[in-house]
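Worksheet: the structure to be examined is printed underneath.
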Amino acid sequence: MQFKSCFLIVSLSECGRASVMPRFLIGCSALRMDSGAVEPASTGAIWSTPSVEPRSISIGKQIFCNRSLNMRNITAVGFDMDYTLAQYKPETFEALAYHGTIEKLVKDLNYPEELLTWQFDWKYMVRGLVLDKKRGNILKMDRHKYVKVAYHGFREMSKEEKVAAYGSTLIRDSFDEPDYALIDTLFSLGEAYLFAQLVDFMDSNPAKVPSGTDYALMYRDVRSAVDLCHRDGTLKRMVAKEPSRYINEDLAIVPMLQMLRKSGRSTFLVTNSLWDYTDVVMNYLCGPHMSDVSSSHNQKWLEYFDVVITGSSKPSFFHDDNRTGLFEVEPDSGKLLNADLQESKVVLMYNPFL
């Protein structure tokens with residue numbers, strides 16, 4: 001397959017703001033403009049900017065955009081899977097990731113067992129926040145990098161504390177790595193909530209955390225535990241077992257893909273997930289929505305894409321010095337074959353660290 005002029009990749013999981021949400025292609029009437037404001041929080045709405053007109057638009061009918069796009073010059077449209085085509089349910093999927101992360105902290109990183117009793121409020125955190133790793137703070141800033149709201153753990157900081165930490169002059173911190181972490185993906189909401197809990201816990205119980213732990217090290221431990229959950233397959237095995245429990249039903253996906261292909265455009269899927277998990281999720285999204293997907297598993301979803309790339313290892317996939325090996329996937333068995341890109345439809349980007 002050749003892409004003659006230009007192509008569009010739709011992804012909401014790699015960044016907090018996406019240029020285009022695939023639903024815009026279906027003629028929806030709802031519109032959500034990205035103005036830099038964060039999303040509504042739970043009771044108290046401490047992170048949100050009050051809305052004059054409350055909205056109750058389902059995720060499948062929203063449009064996310066920060067610029068206009070002329071589709072006339074687009075000959076191929078590519079999609080990410082996780083949190084783009086597959087919209088996970090935060091009350092179940094993020095809670096699953098949250099509890100899995102705590103188990104790793106306790107069993108592998110020597111945190112106290114009482115953490116296992118903690119609960120996750122999936123409505124509390126929102127995208128657009130910044131974590132101060134060194135100070136244990138959570139920040140909401142405006143576009144000029146002025147800290148409007150700041151919490152230390154779950155305690156709101158006073159104006160004096162904010163000024164002392166972040167200044168009040170026109171010269172502002174860059175608020176970037178390595179001292180800060182951006183809460184810009186849906187995957188990061190659970191770890192941000194857990195970090196806030198740990199900050200409060202360490203302040204109240206300094207002797208109960210591993211010796212030598214500070215806020216920055218605690219954040220690294222959380223990130224390591226999150227990575228372990230994704231690498232050992234625990235989360236994806238649970239989702240694959242009962243996808244309807246963790247993934248929102250979206251009956252607009254297949255008509256959208258069919259419309260794109262009917263218009264003469266090519267379509268492709270690029271996901272970090274490996275073939276076995278991708279096959280289960282996409283079969284659920286593009287086939288009958290039943291808890292037991294194996295009963296209707298026929299890989300019909302492959303008909304909607306010209307190329308499928310799994311295990312892509314984004315974002316290093318886009319870096320010239322980080323190219324990984326290409327193998328063809330045998331769909332029925334999952335076996336890897338030497339890739340013949342002229343014939344292959346499903347490709348695995350082999351990455352031993354996934």
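Just so you know, residue 1 is the first one in the sequence shown, and it goes up from there. Hydrogens, waters and symmetry mates are skipped; everything else that's a heavy atom, side chains included, is used.
Rounded to the nearest 0.5 Å, atoms CG (L269) and OH (Y304) are 14.0 Å apart.
A donor atom on one side chain and an acceptor atom on the other are found under 3.5 Å apart for D203 and Y215. E161 and Y166 share no side-chain donor-acceptor pair at under 3.5 Å. Checked by atom type, the side-chain pair D121/Y193 shows no donor-acceptor distance below 3.5 Å.
Considering all non-hydrogen atoms of both residues, N137 and H152 come closest at OD1-ND1, 2.8 Å.
Ion pairing between a basic and an acidic side chain is recognised when a charged N comes within 4.0 Å of a carboxylate O; D232 and K104 show such pairing. The pair E94-K89 fails the salt-bridge criterion, with no side-chain N (NZ, NE, NH1 or NH2) lying under 4.0 Å from an Asp/Glu carboxylate O.
Side-chain atoms of D306 do not come within 3.5 Å of backbone N or O of S266 as any donor-acceptor pair.
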Between F154 and Y124, does a ring pair (Phe, Tyr, Trp, His ring centres under 6.0 Å) hold up when you go through it step by step? CA-CA 11 Å; F154 291 103; Y124 182 86; 5.2 Å; yes
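L217 and V106 fall into different hydrophobic clusters, where Ile, Leu, Val, Met, Phe, Trp and Tyr side chains are chained together by heavy-atom contacts under 4.5 Å.
Around CD of E177, the count of heavy atoms belonging to other residues, nucleotides or ligands within 6.0 Å exceeds 12. Residue M202 places its CE atom among more than 12 non-hydrogen atoms of other residues, nucleotides or ligands, all under 6.0 Å distant.
Aromatic ring centroids of F175 and Y180 lie under 6.0 Å apart. You'll find the ring centres of W118 and F201 inside the 6.0 Å limit.
Counting only heavy atoms from C-beta outward, the side chains of Y151 and L129 never approach each other to under 4.5 Å.
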